[in-house]
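See below for the structure under consideration.
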Amino acid sequence: MTAPRVTAADLLSIDVEAEVQKLCGRQLEDEVATVAEVCRFAIQSGAIAVQVDLGRRRVRVAAPGGAMPSGAFEAVAVLADPGCAVAARHRALVELEVSCGVGLLALLAAPTASLGVSDSDRAMTLVFCRGRAPGAVIGRPTSPGLVLTVARSGSRRVLRRALREKLAYASVPVFLDGRATSRGPALPDCLVQLTVETPRLSCRVGLPRHADLSRSIVVVGEVVAKEVYTASRRGAVHLAVVRDKARARAPAVDLRVVHDLVREVRDTLYVRLAALLGSMSVADQDCARRLLLRYALQAGRLELLAGVPLFRTDSGAQVDLQTVRSLCTDGVLWAVEPPGRGADGKDGGRRTLVLDGYEREFLLRAFGLTVEPPPAGYRRRLAAAVWSQVAAGASRVRQYGRGFVAGLMGVRPIHESFWADAERGVIRAIEALLTSGRYVLPTLTPGLSRLTRVALVEHGRLPLAPRRFGSGFVLLVPRRHPQLQRMARALEADPGMLYPLMAVLFGGHDGFGGGKTELQAALFTPGPTP
């Protein structure tokens with residue numbers, strides 16, 4: 001009996017299932033990485049949007065407008081079929097790894113998964129189950145796109161939070177359980193931003209409003225691949241998003257190159273921040289001031305602050321560093337804790353600054369200046385000023401509260417830009433009648449009726465009655481009342497319906513007097529035949 005002949009092909013054959021598991025296990029550490037890789041493939045397929053739905057046992061990724069690379073769908077079918085020849089499956093594995101990365105291989109490594117492809121000619125879905133041949137389902141052609149599903153077994157809350165971070169900087173709209181997740185290239189919560197391009201990288205750097213550590217995010221294939229937090233010795237804090245233009249299958253970006261590029265852009269941003277400080281809002285000025293003081297002190301760049309209005313006096317004026325030093329006498333400054341505003345902003349002929357703890361520390365470390373509180377007389381005026389600010393704030397709160405309650409009750413006037421054409425016709429007709437004096441409102445004299453405002457609100461009752469509004473009166477017309485909606489449509493079709501409209505709005509009140517015969521004649525006289 002002769003031994004079976006062993007060929008070179010037999011010696012070089014591989015276990016395809018083991019190779020798929022090894023590739024995915026090396027690049028996909030957990031369930032989050034697997035779903036993120038599927039989303040990366042969906043985004044790179046050319047989809048106009050990506051919808052990710054986290055079900056009880058699976059994750060569904062829909063990519064409308066997406067398309068498979070040429071021959072990739074057939075390669076997936078061959079690779080997933082244990083009955084195909086080993087050589088053919090090996091060729092399919094190499095082809096998919098080169099053209100699609102591990103995005104499609106992640107489907108084959110999962111216990112169960114599916115891949116649906118639809119275009120104008122066909123709609124086919126492959127259903128995978130580890131160790132079995134894939135099942136094919138053919139349906140009607142729909143709009144072009146891809147649908148990928150993969151099994152899920154971990155916590156839905158953990159997966160949702162992780163995917164929200166992974167997909168935050170995708171350039172196409174991404175919806176996670178129906179909620180928008182991607183913000184595009186713009187950085188969140190930054191005072192200033194700047195973009196720089198290199199042949200390999202696209203880098204967007206911003207100065208965050210609230211942060212103590214620098215954060216660099218590497219995005220590969222529209223999905224976050226790596227995040228690095230660093231503490232800068234120079235006191236500069238940044239948020240940087242670096243995109244790999246090569247769309248590498250693995251995050252092969254050199255972090256040293258990223259660091260050098262970000263540092264150059266970051267220094268330019270601090271110069272720009274100093275130039276824009278005076279035009280920012282009060283809240284942004286507070287954040288920018290802290291960033292500039294820390295950077296100038298620790299980086300030794302005090303010249304950056306020359307002429308920049310960094311500090312405030314008790315009168316509300318903004319002054320630069322040179323003015324602050326001129327207010328100093330024998331190394332001592334007068335200052336109060338924020339918020340602080342005096343009656344006239346002076347005490348003993350000397351202006352008083354408003355400095356927080358960080359600003360005091362900066363002046364002490366940079367120039368050796370000592371900060372002391374002003375005399376007691378200033379404090380009494382300061383207390384009176386603070387009390388006046390509290391009273392003004394309470395008045396604004398009451399005003400906002402009344403507006404909020406009016407909005408809840410539906411009696412807040414609706415701006416004219418939100419009126420429908422039929423509603424505008426009703427309001428204008430009522431205003432014309434009141435202004436001309438042809439109609440007198442119930443309980444009002446003709447003179448007061450002419451001065452009454454007409455406003456459109458959401459809710460209300462019929463018949464209408466004028467309400468007191470400041471020194472005059474207002475008439476609130478409810479847009480959602482069904483009778484008003486019917487009459488508005490009727491008035492839009494026939495202007496002669498104005499007489500019954502006023503009867504409906506005011507419960508039959510005869511506000512026309514002797515002038516109603518003209519309206520009655522217009523209502524009951526047939527119009528000209530077209």
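Of all the heavy atoms in P64 and A49, the pair that sits closest is CD-O, 3.2 Å. When all heavy atoms are compared, the tightest approach of E37 to R40 is OE1-NH1, 2.6 Å. Minimum interatomic distance between A42 and A47 (heavy atoms only, all atoms of both residues): O-CB, 3.6 Å. Taking every heavy atom of both residues into account, R215 and Y169 meet most closely at NH1-OH, 4.5 Å. Among all heavy-atom pairs drawn from A170 and S182, the shortest one is O-CB, 3.6 Å. When every heavy atom of R479 is checked against every heavy atom of L456, the shortest pair comes out as CB-CD1, 3.7 Å.
For the pair D244/V219, no side-chain contact is recorded, criterion being any heavy-atom separation below 4.5 Å from C-beta on. Annotation: side chain of I43 is in contact with side chain of V174 (closest heavy-atom distance under 4.5 Å). Counting only heavy atoms from C-beta outward, the side chains of D53 and D177 approach each other to under 4.5 Å. Using a 4.5 Å cut-off on side-chain heavy atoms (C-beta onward), E458 and P478 make no contact. Inter-residue side-chain proximity for V477 and L464 is flagged as met; some heavy-atom pair is nearer than 4.5 Å. The shortest side-chain heavy-atom distance between E31 and R152 falls under the 4.5 Å cut-off. Side-chain contact check for L310 versus L305: some heavy-atom pair is nearer than 4.5 Å. Looking at heavy atoms from C-beta onward, V52 lies in side-chain contact with C39 at the 4.5 angstrom threshold.
At distances below 3.5 Å, at least one donor-acceptor pair connects side-chain atoms of Q285 with backbone N or O atoms of M280. Judged purely by atom type and a 3.5 angstrom limit, H481 uses its side chain to pair as donor or acceptor with the backbone of Q483. Judged purely by atom type and a 3.5 angstrom limit, W419 has no side-chain atom pairing as donor or acceptor with the backbone of G425. For the pair Q193 (side chain) and L187 (backbone), a donor-acceptor distance under 3.5 Å is present. Here the side chain of S202 pairs no donor or acceptor atom with the backbone of V196 at under 3.5 angstrom. Side chain of D320 to backbone of T323: a donor-acceptor contact under 3.5 angstrom is found. Using a distance-only test at 3.5 Å, with no hydrogens or angles considered, a donor-acceptor pair links the side chain of R360 to the main chain of L355. Remark: the backbone N or O of L475 is not paired with any side-chain donor or acceptor of R467 at under 3.5 angstrom.
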Q.
Pair V59, L159 - check side-chain contact (heavy atoms from CB on, under 4.5 Å), show working.
A. CA-CA 10 Å; V59 178; L159 181 59; 3.9 Å; yes
Q) Does the side-chain contact (heavy atoms from CB on, under 4.5 Å) test come out yes or no for L239 and V205, once each step is laid out? A) CA-CA 6 Å; L239 172 61; V205 186; over 6 Å; no
Q | Candidate pair L462 and L505, rule side-chain contact (heavy atoms from CB on, under 4.5 Å), full reasoning | A | CA-CA 6 Å; L462 296 181; L505 293 182; 3.9 Å; yes
Q. Passes side-chain contact (heavy atoms from CB on, under 4.5 Å), T181 versus F175? Steps please.
A. CA-CA 6 Å; T181 299; F175 300 91; over 6 Å; no
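Between the side chains of Q485 and E423, no donor-acceptor pair of N or O atoms lies under 3.5 Å. At a cut-off of 3.5 Å, with distance as the only test, a side-chain donor of T195 or R204 sits close to an acceptor on the other residue.
The structure places CZ of R272 at 13.0 Å from CG of L191, a figure rounded to the nearest 0.5 Å. With values rounded to the nearest 0.5 angstrom, L498 atom CG is found 9.0 Å from M487 atom CE. In this structure, CG on L213 lies 8.5 Å from OH on Y229, to the nearest 0.5 angstrom. Taking CD from E227 and CD from E165, the interatomic distance works out to 6.5 Å, rounded to the nearest 0.5 Å. Atom CD of E222 is separated from atom CG of L167 by 10.0 Å, given to the nearest 0.5 angstrom. In this structure, the separation between CG on L276 and CG on L273 is 7.0 Å, given to the nearest 0.5 Å.
Ion pairing between R289 and E359 holds under the 4.0 Å rule for side-chain N and carboxylate O. Between E431 and R428 there is a salt bridge, since at least one side-chain N of the basic residue sits less than 4.0 Å from a carboxylate O of the acidic one.
In summary, of the residues considered (I217, V218, V242), a side chain to side chain contact (heavy atoms under 4.5 Å, CB included) with K226 occurs for V218 alone. The only option from L292, V237, L291 that meets the side chain to side chain contact (heavy atoms under 4.5 Å, CB included) definition with L207 turns out to be L291.
Taking the six-membered ring for Trp and thresholds of 30 and 60 degrees, Y439 and H509 have ring planes more than 60 degrees apart, a perpendicular arrangement. Ring geometry for Y295 versus Y270: interplanar angle under 30°, hence parallel rather than tilted (30 to 60°).
Surrounding CZ of R58 are at most 12 heavy atoms belonging to other residues, nucleotides or ligands under 6.0 Å away.
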